> 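Sharing a structure, written as structure tokens. Questions coming.
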Number of protein chains: 2
Amino acid sequence: MHDTHHGGRPRRLGASCLACPLRLKSAFKDKTDDEIRFIQAMKIDHRILRAGADIIHPGEEEAELYTLFSGWAFRYKSLPDGRRQILNFLLPGDLVGLQASLLSAAEHGIEALTEVELCVFPRKRIWDLFVKMPTLAYELAWLGSREECLIDDNLTSVGQRSASERIAALIISLYRRADALGLVTSNSFAFPLTQQQLADALGLSLVHTSKTWSRLRKAGLFALSGGRLTLLNPRLTNRMAAIYDQEGARRPLI
Amino acid sequence: MHDTHHGGRPRRLGASCLACPLRLKSAFKDKTDDEIRFIQAMKIDHRILRAGADIIHPGEEEAELYTLFSGWAFRYKSLPDGRRQILNFLLPGDLVGLQASLLSAAEHGIEALTEVELCVFPRKRIWDLFVKMPTLAYELAWLGSREECLIDDNLTSVGQRSASERIAALIISLYRRADALGLVTSNSFAFPLTQQQLADALGLSLVHTSKTWSRLRKAGLFALSGGRLTLLNPRLTNRMAAIYDQEGARRPLI
DNA sequence: CGAACCATTGACCTCGTTCAATCACAGTGG
DNA sequence: CCACTGTGATTGAACGAGGTCAATGGTTCG
């Protein structure tokens with residue numbers, strides 16, 4: 001039996017947030033020791049879930065707040081008849097479940113896309129954080145706004161772009177986020193999505209996603225092998241997505 | 001010359017937030033006098049803009065934070081070639097520009113759909129609010145999450161629903177929000193959208209929006225006259241949108 | 001080997017887009 | 001008073017992007 005809770009690497013519950021390896025990445029702003037100690041005191045668990053597991057069930061009312069420590073996840077929303085829209089993808093360092101924690105009923109689900117490690121914070125103590133640590137509260141709100149910004153992009157993509165443009169835009173967006181985390185090596189990064197997940201994120205059918213995807217691949221936009229995606233023509237992909245290059249400002253890590 | 005800043009009704013800058021008529025609506029949670037006084041002290045202007053005016057320009061870096069006091073507005077995002085996606089609609093009591101204030105650069109624009117009245121708060125004092133008024137800070141974050149929730153719905157609609165389903169979902173959603181504000185009389189409410197704006201919100205072409213819209217109208221789903229929309233078959237519209245009935249919980253008004 | 005899952009490809013059809021013309025209705029200036 | 005203009009709604013006709021149905025093949029796993 002493969003126990004996902006005690007996998008290959010050691011648990012980090014005891015390990016110090018002060019020494020958090022994520023925090024060293026250039027994507028994140030520096031924090032005072034006080035803030036980090038507060039975060040550490042608030043952290044009640046370090047949890048590992050296998051790919052495909054639910055992090056937050058749709059409709060859940062007592063969802064905790066998490067930070068994604070490693071792996072990928074996605075937020076999604078389902079219609080009664082089974083159609084599903086993937087709202088956005090979550091990468092290491094992203095908050096998981098802020099909306100569910102604040103609104104006290106998840107209108108969406110969150111699922112692990114790969115095996116994930118999560119830092120667990122009790123939702124009850126979010127209020128504490130607002131009272132005692134306004135800097136962290138502000139950053140919580142900031143991260144919420146940033147997620148909204150990503151969803152704005154996706155909505156614009158799904159509402160206005162053609163199939164190939166949507167694929168280009170999604171790849172570029174994930175590429176940039178992975179890059180900021182230092183996950184890109186010579187233009188390539190781990191890309192764990194199935195075509196069904198791609199389709200659900202793009203608002204396209206599985207078949208049409210597959211056809212458009214391989215057309216772009218054959219056109220030399222990118223390559224996929226061994227679960228890693230390599231951008232062969234970033235400039236072109238950018239242009240196809242009609243995206244300007246953007247800033248690489250640091251963001252908070254909580 | 002018609003001065004939009006001194007229209008028919010008197011300015012309310014001097015008027016007390018304690019006596020704010022919006023606050024009486026059943027949609028909003030009660031606040032302590034302390035909180036209301038803090039809000040009032042933070043309010044620096046009461047501004048009136050005509051329909052079509054920009055409240056926040058795309059890319060604006062010094063956007064203020066507003067509360068929509070009366071009228072409708074919408075957030076949108078444009079692509080370089082002119083395509084435009086309306087992200088969500090703003091009704092009285094909604095915060096305007098929170099994302100732009102926190103992220104310090106608007107990735108979107110916000111435009112007045114009708115003539116609007118806005119309570120203006122300086123973005124610089126948001127930080128103040130986090131330090132001195134954690135209850136209000138929490139509610140600010142709450143309202144941000146609620147907006148994200150609305151956008152999640154729209155994304156799901158645009159990504160998964162057919163043209164008629166999208167129209168049904170949009171109408172139901174606006175109907176409910178208007179209802180919560182007491183703006184619905186005998187199943188009808190003011191509906192100021194042009195078909196172009198409808199199309200941009202639904203991710204459909206103008207022509208197809210018009211055809212589908214009038215098909216649903218002729219099918220007896222709803223009627224539109226004198227700028228007011230009347231829901232003739234709410235049950236059916238709900239079912240078409242595949243939406244379950246939802247809660248009517250109170251929300252904060254800042 | 002069979003079962004499950006995922007990716008791919010062809011054939012066909014439809015929903016939604018594009019192009020274009022018409023109509024209704026304000027203003028507004030002669 | 002009426003022609004002139006601009007904006008928004010509506011409708012027809014033709015086309016095309018994307019959906020649906022169905023079959024095939026490759027992998028992994030029991």
Side-chain angles (χ1 to χ4, degrees), chain A residues 1-2 50-53 79 81-86 111 113-115 157-170 191-219 222-229 240, chain B residues 1-2 50-53 74 79 81-86 111 113-114 157-171 190-219 222-229 240:
Chain A
M1 185 179 100
H2 180 68
R50 67 181 195 294
L79 297 181
D81 63 3
R83 286 176 286 181
R84 179 178 78 161
Q85 177 67 38
I86 291 186
E111 185 178 318
L113 184 59
T114 65
E115 173 174 299
S157 223
V158 172
Q160 303 298 325
R161 292 196 243 250
S162 72
S164 359
E165 290 173 325
R166 288 183 216 182
I167 290 181
L170 179 61
F191 194 86
L193 304 200
T194 68
Q195 304 238 345
Q196 182 63 65
Q197 288 157 347
L198 266 175
D200 287 347
L202 299 170
L204 296 170
S205 72
L206 172 59
V207 174
H208 197 246
T209 301
S210 174
K211 285 175 180 171
T212 311
W213 179 265
S214 46
R215 191 159 48 76
L216 293 186
R217 202 158 31 73
K218 283 164 191 159
F222 57 87
L224 184 62
S225 79
R228 289 185 71 84
L229 187 148
M240 178 173 293
Chain B
M1 183 177 104
H2 180 69
R50 67 182 194 294
F74 61 85
L79 296 181
D81 63 3
R83 288 176 285 181
R84 178 179 77 160
Q85 178 67 38
I86 290 185
E111 185 178 318
L113 184 58
T114 64
S157 223
V158 172
Q160 304 298 326
R161 291 195 243 250
S162 71
S164 359
E165 290 173 325
R166 287 184 217 182
I167 290 181
L170 179 62
I171 290 181
F191 194 85
L193 305 200
T194 68
Q195 304 238 344
Q196 182 63 64
Q197 287 157 347
L198 266 175
D200 287 347
L202 299 170
L204 295 170
S205 70
L206 172 59
V207 174
H208 197 246
T209 301
S210 174
K211 285 176 181 169
T212 311
W213 179 264
S214 45
R215 191 157 50 73
L216 293 186
R217 202 158 33 71
K218 284 165 190 158
F222 57 87
L224 184 62
S225 80
R228 290 183 72 83
L229 186 148
M240 179 172 295

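Since this is a predicted model, take the numbers as computed values, not measurements. A, B, ... follow the sequence lines: proteins, then strands. Residue 1 opens every chain.
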> For R215(B) and dG16(C), is the shortest distance between a side-chain N/O and OP1 or OP2 below 4.0 Å?
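No, no such contact exists.
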
> What's the closest nucleotide to the side chain of S210(B) if the choices are dT11(D), dT9(C), dG18(D)?
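Of the options given, the side chain of S210(B) lies nearest dT11(D).
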
> Rounded to the Å, how far apart are L206(B) CG and dA20(C) C1'?
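So the CG-C1' distance, L206(B) to dA20(C), works out to 13 Å.
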
> In whole angstrom, what separates I167(B)'s CD1 from dG16(C)'s C1'?
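Answer to the nearest Å: 12 Å.
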
> Please confirm whether the shortest side-chain N or O distance from S205(B) to OP1 or OP2 of dG16(C) is below 4.0 Å.
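So the side-chain polar atoms of S205(B) never come under 4.0 Å of the phosphate oxygens OP1 or OP2 of dG16(C).
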
> Counting side-chain heavy atoms from C-beta on, which of dC21(D), dG16(C), dT8(C) comes nearest to V207(A)?
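Nucleotide nearest to V207(A)'s side chain: dC21(D).
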
> Main chain of G203(B), side chain of Q160(A): is a donor-acceptor contact present, judged purely on distance under 3.5 Å?
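Not confirmed, Q160(A) side chain does not pair with G203(B) backbone.
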
> Mapping A163(A) and W213(B) to their closest nucleotides on DNA chain D, which lands nearer the 5' end?
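Its nucleotide being nearer the 5' end, the pick is W213(B).
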
> Could you check whether S162(A) gets within reach of a base, just the sugar-phosphate, or nothing at all, counting any heavy atom under 4.0 Å?
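Here S162(A) touches the backbone only, sparing every base.
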
> Roughly how many Å is it from CZ in R83(B) to C1' in dT17(C), rounded to a whole number?
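So the two atoms are 13 Å apart, to the nearest Å.
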
> What do the steps show when you test I167(B) against L198(B) for side-chain contact (heavy atoms from CB on, under 4.5 Å), and what is the final call?
CA-CA 8 Å; I167(B) 290 181; L198(B) 266 175; 5.8 Å; no

> Can you tell me the distance, in whole Å, between the CZ atom of R217(B) and the C1' atom of dT11(D)?
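Interatomic distance, CZ of R217(B) to C1' of dT11(D): 13 Å.
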
> Short question: side chain of S210(B), backbone of L206(B) - any donor-acceptor pair under 3.5 Å?
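Such a contact is absent between S210(B) side chain and L206(B) backbone.
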
> Quiz question: going by heavy-atom distance under 3.5 Å, is there a donor-acceptor pair between the base of dG19(D) and the side chain of K211(A)?
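Looking at the base of dG19(D), it does not pair with any donor or acceptor on the side chain of K211(A) (distance under 3.5 Å).
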
> Compare the minimum distances between each of dT8(C), dT9(C), dT10(D) and the side chain of Q195(A), then state the nucleotide with the smallest one.
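Among the listed nucleotides, the one closest to the side chain of Q195(A) is dT8(C).
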
> What integer distance in Å separates K218(A):NZ from dA7(C):C1'?
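In whole Å, dA7(C) C1' lies 11 Å from K218(A) NZ.
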
> What do the steps show when you test F222(A) against R217(A) for side-chain contact (heavy atoms from CB on, under 4.5 Å), and what is the final call?
CA-CA 5 Å; F222(A) 57 87; R217(A) 202 158 31 73; 4.1 Å; yes

> I want to check something: taking the side chain as every heavy atom from C-beta on, are D200(B) and F74(B) in contact at a cut-off of under 4.5 Å?
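With C-beta onward as the side chain, the pair stays apart.
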
> Grab the CZ-C1' distance between R166(A) and dG18(D) for me, whole Å please.
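The answer, rounded to whole Å, is 9 Å.
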
> Would you classify S214(B) as touching base, sugar-phosphate or nothing, given that sugar-phosphate means primed atoms plus P, OP1 and OP2, and contacts are heavy atoms under 4.0 Å?
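Sugar-phosphate contact only.
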
> Whole angstroms only, please: what is the CG-C1' distance between L198(B) and dG8(D)?
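That distance rounds to 12 Å.
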
> Taking atom C1' of dA17(D) as reference, at what distance in whole Å does atom CD of E165(A) sit?
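Atom-to-atom, E165(A) to dA17(D), this comes out as 12 Å.
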
